[in-house]
Engineer: 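I have a structure here, written as structure tokens, and I will follow up with some questions on it.
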Amino acid sequence: MERLAQRYLTNAEAELIPSQWVGFYYAKHIRKFPGGLKFEICDSGGIFFGYGFAYSPNQPPAYDEDDWIDYSRFSGSWYVGRYFAMKPPL
């Protein structure tokens, strides 16, 4: 996971990051956010929630418009995040 974060955070031109295997996890929707990078893990949750990882070396990741609702420190600069997998109807 460290190699993924370093490869894309140091490359200012990397906007579209393809889904890929990251260790044991198939990472999808890999994207940068101010100060870090995050990705969702395929088939990790249930109907309502999914899970992923966020790399944020300087501070805990902030909540954002992508529906990520909470984070817990995993290891070092990595956090486990939970997001809404299915949006409720309006």
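Just so you know, these numbers come straight off a predicted model, no measurement behind them.
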Engineer: Give the minimum heavy-atom separation between Gly35 and Pro57, together with the two atoms involved.
Structural biologist: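 That would be O-CD, 3.3 Å.
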Engineer: Tell me, do Val22 and Ile41 make a side-chain contact under 4.5 Å, heavy atoms counted?
Structural biologist: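 The answer is no, as the side chains (C-beta and beyond) never meet within the 4.5 Å cut-off.
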Engineer: Are Gln20 and Leu4 close enough that some pair of their side-chain heavy atoms sits under 4.5 Å apart?
Structural biologist: yes
Engineer: Does Ser72 reach the side chain of Tyr79, with side-chain heavy atoms less than 4.5 Å apart?
Structural biologist: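 A side-chain contact is absent here, since even the closest heavy-atom pair is not under 4.5 Å.
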Engineer: Side-chain contact, heavy-atom cut-off 4.5 Å: Ser56 with Phe33?
Structural biologist: yes
Engineer: Looking at Tyr55, is its backbone amide N or carbonyl O close enough to the side chain of Lys38 to form a donor-acceptor pair, meaning the two atoms are under 3.5 Å apart?
Structural biologist: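 No, Lys38 side chain to Tyr55 backbone: no donor-acceptor pair under 3.5 Å.
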Engineer: Check Arg7 with Glu2, please: is the shortest side-chain N to carboxylate O separation under 4.0 Å?
Structural biologist: no
Engineer: If we check ring pair (Phe, Tyr, Trp, His ring centres under 6.0 Å) with Phe53, which of these qualifies: Tyr83, Tyr71, Phe24, Phe39?
Structural biologist: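 In the set Tyr83, Tyr71, Phe24, Phe39, the residue that makes a ring pair (Phe, Tyr, Trp, His ring centres under 6.0 Å) with Phe53 is Phe39.
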Engineer: So which heavy atom on Met1 is nearest to which on Trp78, and how close?
Structural biologist: O-CZ2, 3.1 Å
Engineer: Check Asn11 against Lys32 and note the closest heavy-atom contact, atom names and distance.
Structural biologist: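 Heavy-atom minimum between the residues: O-NZ, 2.8 Å.
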Engineer: Going by heavy atoms in the side chains, are Ile17 and Arg31 under 4.5 Å from each other?
Structural biologist: no
